[in-house]
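Working notes, beginning with the structure itself.
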Amino acid sequence: MISGSRQHRLDPKMVWLLRKEIKSVLRSRWLLVGFIISPLFAWMFQGAFLGFVYAQASVEPERIYITNEDAGIWGDYVYGNLSESMDTLLISELVDVTYEEGVEMTDNITVSVWIYIPAYFTEKLLSNTTSHISPLNITYNAASFRASSAATRLTNYISGIVNSLLIERLVNIQRNSVAPQANYGHQLAIFLVMLTSVLAPSPYVGQSFAGERERHTLEALLVVPMSRLRILFTKLVAGLLLTLIYSVFTVVGIVTYNLLVILRAQGAIGGEAAIAYYSVDLASVPLIVFCQLLVLLTAISIGVVISCIAKDQASAESINNLVLLVPTMVIGILGFTGSILQYGGLFGLAVLAIPFSHAVIFLNGVLVGNATAASLVVNVVYMLVFTIVFLIIGAKLFEREAIIV
Amino acid sequence: MSETVIRTEHLSKTFEKGKAQEVRALKSVSLDIQKGEVFGLLGPNGAGKTTLIRILVGLLTPTSGRAWVLDRDVVEDIDYIRPRVALLPQEAGIYERLTARENLIYYGGLYGIPDDALQERTDRLLDIVGLREKEDYQVRGFSGGMKRKVLVARALIIEPQIVFMDEPTTGIDTIGARVVRNMLKKISSEHKQTVILTTHDLHEVEELCNRVGILNDGNLAAVGKPSALEEEFKAANLEEVFTGLVTGEGVYD
C-alpha cells in the first residue's frame with residue numbers, strides 16, 4: 001500500500017523519461033544549435049549590425065566631391081568653411097570636380113556625396129525674389145549609410161552658416177515626436193523574443209512527439225506502466241527545462257549586444273545618447289525572460305497539438321513553422337514599429353487573438369511604464385489560458401488510439 | 001496443471017477509416033494461452049496479429065468481446081498488467097542517440113526496476129546478445145541486426161511474465177537469430193515466462209512454439225500444436241497448413 005507521502009513524491013519513472021529526453025537533445029547537434037546559437041547569433045548580429053550602422057553614420061569619415069562655379073563671394077565662403085571644418089564634419093577628403101565629372105559620377109552611381117554650387121548661387125542668395133529653386137545641390141548615394149549621414153551633416157552645416165540660404169523661403173517646421181514605445185533596444189528585445197522564442201521549441205516538440213511516432217519508439221513507450229498524461233507532462237517539463245537553456249543564452253546574447261553597442265558608440269559624438277537609445281536596460285532582463293518563458297510555453301503547447309496530428313517530424317516542424325511564422329512576423333513587426341493597440345476593427349481583434357500579441361503588449365507596457373497592473377495580469381492570464389486550452393487539446397490527441405495506428 | 005495467462009472471448013476490433021469506410025481487423029477471436037508457452041501467432045500481412053497484440057497490451061480498446069491477461073481485464077485493469085508484460089513491436093524503433101546500455105537502463109527505469117538489479121540484468125543481457133563490447137556506443141552507428149538485438153534485450157530486461165515479440169529475428173544474421181531463439185527457449189522453459197511470437201519464418205515456429213494460432217483476415221482459422229495441426233489438416237508440414245488456410249487451396253479435405 002502506498003503511503004500518502006510517497007504518492008506525492010516525484011515518480012522515478014518520470015525522472016528516467018526526463019533524463020532521456022534531455023540527454024537526447026543535448027546529444028543532438030542541431031537542437032543544441034537551436035537553443036544556444038540561435039539567441040546568441042540573433043543578438044550578436046543585431047549588435048554588430050547596429051555598431052556598423054552607427055559607425056558608418058557617426059564615426060567614419062566620407063569623401064566629399066565639390067564643384068564651385070559661383071561667380072560671387074558666397075560660394076567661396078561655403079567652400080572655405082567646409083575646408084576648415086573637415087574634422088568636425090567627418091570629411092576625409094574634399095575633392096574638387098568639374099560639373100561634368102559630378103554628373104558622370106551621378107550617372108554611374110559612383111558618387112558618395114557631391115556638392116554643386118552653381119554660378120548663380122550668390123546672385124540668387126542675395127536677391128529678394130521668392131524663388132522656390134534651391135540654389136545649392138547635394139547629391140548623395142542613398143544606399144550608403146555613411147554618405148546619407150554625411151549629406152545630412154552637410155545640409156545642416158551649410159544651412160547653419162548661411163542661415164537664410166535654405167530656410168528663409170520655406171516654412172520652418174519644427175518636428176517634435178513623443179514615442180509611446182520603449183527605446184530601440186527594448187523594441188528590439190520584444191521583436192527578437194517574439195521571433196526566436198516562438199520558433200525555438202519547434203524542433204524539440206517535433207522530435208519528442210511526432211518524431212517518436214515516426215521512429216516507432218512511441219509504441220514501446222506507451223506500454224510502460226505510466227499514464228499517457230504523465231508521459232505528456234514529463235515531456236513538457238523536459239521542454240521547459242531545455243528552454244531554460246535558451247533563456248540563459250538569450251541573456252548572454254543581450255549582454256553581448258549591449259557590449260557591441262557600447263564598444264562602437266562610446267567616446268563618439270552623441271555616444272552616450274546612442275548607448276541609452278540602442279542598448280537594453282539590464283534591469284529589464286528578468287521581465288524579458290519571464291515574458292520569453294510565457295511565449296515558449298505557449299509555443300510548446302501549440303507545437304504539441306500540431307505534433308500529435310502530423311504524420312512525421314518533418315511535417316510537424318513545417319506545419320508548426322507555417323502556423324507560427326506568419327503571426328509572429330506580424331506581431332513582431334507591429335510590436336517593433338508601433339503600439340499593437342492602435343489597430344482596430346477585425347484586424348485588431350485578429351491581432352489580439354494571437355497569444356503572442358499579449359507578450360508584446362505586456363513587455364511594452366512594462367518597459368514604457370504606462371501599463372496598469374490589471375492590464376498586465378490580463379495579458380499574462382490570456383496567454384496562460386490559451387496555453388492550458390492547447391495542452392488539454394494536446395492531451396486528448398495524445399490519448400487517442402490513432403496516435404500509434 | 002496448466003495456468004491460463006491470456007484469454008480472449010469473441011474479441012473484435014473495427015477501425016473507422018473516414019465516414020463511410022471501416023476495417024474489421026479482428027473478428028470474434030477466442031483464444032487461451034498457457035503460462036510458459038511459446039505461442040506462435042501466424043498469419044499473412046494484415047491478418048490482425050499486431051491488432052491482437054496491441055489490444056492485449058492496452059494500446060487499443062476492443063470494439064466488442066473481452067480479453068484477460070494474467071486474469072485481469074485488459075480494459076479495466078491495464079495498470080496491473082503493464083508492469084508484468086513487455087512488447088517488442090514489429091517496427092520497433094530505438095533511441096539512436098542513447099548507447100546500447102543506456103537504452104536498456106532507460107527502459108528498465110521506466111518500469112521502476114531498482115538500479116542494482118538494472119545494472120546486473122543489463123550486463124547479463126548485453127553479454128547474451130553479444131553487444132557488451134559496444135555497450136557504450138550510441139546506437140545510431142549500429143547495423144539493423146545489432147539494433148534488433150538491443151531491442152530484444154530491452155524487452156527482456158524487465159523480466160516480464162509475458163513477452164510479446166513481433167518478428168524478433170527479422171533483420172538479424174543467422175548466428176544472432178540463433179542466440180535470440182535460444183533466449184526465448186530458455187526464458188520459457190527455465191523461467192516459465194510466456195512468449196507470444198509472431199513471425200513469417202515457419203521453421204522458427206516449428207522449432208520454438210508449443211502451439212500456434214493462425215489468423216486470416218481477422219479470424220482465428222486454426223489453433224493447436226504444430227504436429228496436431230499437420231495431422232488435422234493432413235499436411236506434410238506447417239507451411240502446407242498455413243498456405244492451405246490462407247489461400248483456401250486444398251491441402252486438406
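Values below: every heavy atom of this structure, side chains too, minus hydrogens, waters and symmetry copies. Throughout, protein chains are lettered first and strands after them, A, B, ... in sequence-line order, and every chain is numbered starting at 1.
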Return yes if a side-chain donor-acceptor contact under 3.5 Å exists between Tyr95(B) and Glu21(A), otherwise no.
-> no

Mind checking the CH2-CG spacing from Trp16(A) to Leu118(B)? Nearest 0.5 Å is all I need.
-> 5.5 Å

May I ask you to check whether over 12 heavy atoms, not counting those of Lys27(B), lie within 6.0 Å of atom NZ?
-> yes

With a 4.5 angstrom heavy-atom cut-off, which part of Thr51(B) approaches chain A: side chain, backbone, both or neither?
-> neither

Taking Leu151(B), Asp79(B), Ile105(B) one by one, which has the highest count of heavy-atom pairs under 4.5 Å against chain A?
-> Ile105(B)

Please report the closest heavy-atom contact between Arg82(B) and Val223(A), naming both atoms and the distance.
-> CD-O, 3.3 Å

Ile78(B) portion near chain A, given a 4.5 angstrom heavy-atom threshold | neither

Taking Ile158(B), Thr50(B), Thr61(B), Ile81(B) one by one, which has the highest count of heavy-atom pairs under 4.5 Å against chain A?
-> Thr61(B)

Are any of the side-chain nitrogens in Lys23(A) or Glu102(B) under 4.0 Å away from the carboxylate oxygens of its partner?
-> yes

Hey, does Tyr106(B) have a side-chain heavy atom less than 4.5 Å from the side chain of Leu17(A)?
-> yes

Is the count of non-hydrogen atoms from other residues, nucleotides or ligands lying under 6.0 Å from His10(B) atom NE2 greater than 12?
-> no

May I ask you to say whether Arg27(A) pairs ionically with Glu96(B), meaning some side-chain N is under 4.0 Å from a carboxylate O?
-> no

Locate the shortest heavy-atom distance separating Ala220(A) from Pro89(B); write the atom from each residue and the value.
-> N-CG, 4.3 Å

Can you find a pair of side-chain heavy atoms, one from Glu401(A) and one from Leu59(B), that are under 4.5 Å apart?
-> no

Flag yes if more than 12 heavy atoms outside Asp71(B) fall under 6.0 Å of its CG atom; otherwise flag no.
-> no

What do you reckon, is OH of Tyr80(B) surrounded by more than 12 foreign heavy atoms closer than 6.0 Å?
-> yes

Are any non-hydrogen side-chain atoms of Arg97(B) and Lys20(A) less than 4.5 angstrom apart?
-> no

Which one, Ile94(B), Val57(B), Leu98(B), leads in non-hydrogen pairs under 4.5 Å with chain A?
-> Leu98(B)

Chain B contact via Glu212(A) - which portion, at a heavy-atom distance below 4.5 Å = side chain

Looking only at Arg215(A), Arg228(A), Glu219(A), most heavy-atom pairs under 4.5 Å shared with chain B are made by Glu219(A)

By a 4.5 Å heavy-atom criterion (distance strictly below it), what part of Leu60(B) contacts chain A: side chain, backbone, both, or neither?
-> both

Give, as side chain, backbone, both or neither, the part of Arg54(B) having an atom under 4.5 angstrom from any heavy atom of chain A.
-> side chain

If we only count heavy atoms from C-beta on, is the Leu221(A) to Leu110(B) side-chain gap below 4.5 Å?
-> yes

